[in-house]
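Working notes for the structure below.
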Amino acid sequence: YSSSQFLNGLFSEMLNGARPKRKRNTIGTKFRDDLTKLLSNISESEPSFIRCIKSNERSNVGIFESLYVLKQLRYTGITEVCRIR
């Protein structure tokens with residue numbers, strides 16, 4: 001409480017226990033809230049990746065083309081990961 005009537009008038013809603021007006025939901029606030037939730041989910045997870053390698057160019061059963069497989073492994077960076085570890 002204040003001895004100033006002006007200040008008491010400004011904050012009369014808060015002093016009487018009334019809730020302040022809610023903010024309007026805008027696209028910006030929705031985007032910010034969704035982004036915060038997404039970042040929270042990402043930070044709590046442990047991502048893993050699955051790489052699919054084709055054994056041959058035509059996906060024929062029982063045929064293994066080693067140069068084709070090696071090219072895919074190099075392109076996806078898997079050979080670098082193996083080299084580092």
Pairs under 3.5 angstrom only: tabulate donor-acceptor contacts from the side chains of residues 52-60 to other protein residues two or more places apart or in another chain.
from : atom 1 : to  : atom 2 : distance (Å)
S55  : OG     : I63 : O      : 3.2
N56  : OD1    : R58 : N      : 3.1
N56  : OD1    : S59 : N      : 2.5
N56  : OD1    : N60 : N      : 2.8
N56  : ND2    : N60 : O      : 2.7
N56  : ND2    : I63 : O      : 2.8

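- Separation of atoms CZ (R74) and CD (E80) is listed at 10.0 Å; rounding is to 0.5 Å.
- Clustering ILVMFWY residues whenever any of their side-chain heavy atoms sit less than 4.5 angstrom apart, transitively, puts L73 in the very cluster that holds F64.
- To the nearest 0.5 angstrom, L39 atom CG is 12.5 Å from K37 atom NZ.
- Side-chain atoms of D34 and K30, non-hydrogen and from C-beta on, do get closer than 4.5 Å to each other.
- With a 6.0 Å radius and a threshold of 12 heavy atoms from other residues, nucleotides or ligands, I27 has its CD1 atom at or below the threshold.
- Residues forming a side chain to side chain donor-acceptor pair (under 3.5 Å) with T26 (at least two apart in sequence, or on another chain): T29.
- A distance of 12.5 Å separates CG in D33 from CG in L38, rounded to the nearest 0.5 Å.
- Counting only distance, with no hydrogens or angles, the side chain of S40 and the backbone of T36 share no donor-acceptor pair below 3.5 Å.
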